[in-house]
Each structure stands twice: as C-alpha cells, then as structure tokens.
Amino acid sequence: MMRVYICPDCGWMRMVSRRKNVECYKCGVQDMTLAKVDFATYVSWSEKERQEYASAWMYIHNKGKIKRN
C-alpha cells in the first residue's frame, strides 16, 4: 500500500510503500509525518495542487508563521 508523507520542517512530500520511518531527502529531517491524503487522490493532483496542499498543511500546523521579534 502506497502512503504519502510530508516533512514537518519544509513541506516536501514523498510517496513510500513499505516504510514507516521516512526521511526527507530535501532538508534531512529523519521523521516525516503521514499526510491525511490517500495515494489515489495525491497522484491525481497537479503539481500546483500538491504545493497548495503542502502550504496549507504547513500553515495549519503553525510551520508557515513568520517569526516576529
């Protein structure tokens, strides 16, 4: 079964089949988070839709906030 994971630091998404411990090849985080999107939906999306999902996920999980002094 294919699963989609998202990096909690950079938002990069990755598809894997058998692994539960998934690392981000973009920024090096060792523990990506399982995304709440099924594989069939993910592959039907365009690249723009995938980027929008990742941006929304980062915003919802407070990763998209700008740090202010």
Side-chain angles (χ1 to χ4, degrees):
M1 171 182 246
M2 294 294 288
R3 294 181 179 98
V4 180
Y5 284 81
I6 187 165
C7 177
D9 283 0
C10 70
W12 184 70
M13 297 178 77
R14 178 176 170 195
M15 298 176 288
V16 298
S17 61
R18 298 180 188 157
R19 303 178 70 187
K20 291 186 180 180
N21 298 327
V22 181
E23 68 277 359
C24 178
Y25 291 153
K26 186 173 180 185
C27 73
V29 166
Q30 292 299 310
D31 193 24
M32 293 178 73
T33 303
L34 183 62
K36 294 186 185 209
V37 60
D38 62 78
F39 177 73
T41 302
Y42 180 77
V43 297
S44 72
W45 287 345
S46 67
E47 186 62 31
K48 182 180 178 186
E49 290 171 313
R50 292 174 185 181
Q51 290 172 352
E52 288 172 354
Y53 177 87
S55 295
W57 189 94
M58 295 291 282
Y59 180 78
I60 290 168
H61 292 86
N62 296 319
K63 303 293 182 178
K65 288 187 176 179
I66 298 172
K67 293 182 182 179
R68 298 175 191 225
N69 296 337

The salt bridge (Lys or Arg N to Asp or Glu O under 4.0 Å) partners of Arg19 (sequence neighbours excluded) come to Glu23
Excluding sequence neighbours, so at least two apart, what forms salt bridge (Lys or Arg N to Asp or Glu O under 4.0 Å) with Glu49?
-> none
If Ile, Leu, Val, Met, Phe, Trp and Tyr residues are connected whenever their side-chain heavy atoms lie under 4.5 Å apart, and connections chain through other members, are Met58 and Val37 in the same group?
-> yes
Partners of Asp31 by side-chain contact (heavy atoms from CB on, under 4.5 Å), sequence neighbours excluded?
-> none
Check salt bridge (Lys or Arg N to Asp or Glu O under 4.0 Å) between Arg3 and all other residues, then give those that pass, not counting sequence neighbours.
-> none
Beyond-backbone contact of Tyr53 with Lys36, side-chain heavy atoms, under 4.5 angstrom = yes
Can you tell me how far SG of Cys7 sits from CH2 of Trp57, rounded to the nearest 0.5 angstrom?
-> 8.0 Å
Qualifying residues under side-chain contact (heavy atoms from CB on, under 4.5 Å), relative to Met15, sequence neighbours excluded | Met2, Val4, Phe39, Tyr42, Val43
If you round to the nearest 0.5 Å, how far is CE of Met32 from CG of Asp9?
-> 10.0 Å
Separation between CH2 (Trp45) and CD (Gln51), nearest 0.5 Å, reads 12.0 Å
Applying ring pair (Phe, Tyr, Trp, His ring centres under 6.0 Å) to Trp12 and not counting sequence neighbours gives none
Are Met13 and Leu34 linked, directly or through other ILVMFWY residues, by side chains that come within less than 4.5 angstrom of each other?
-> no
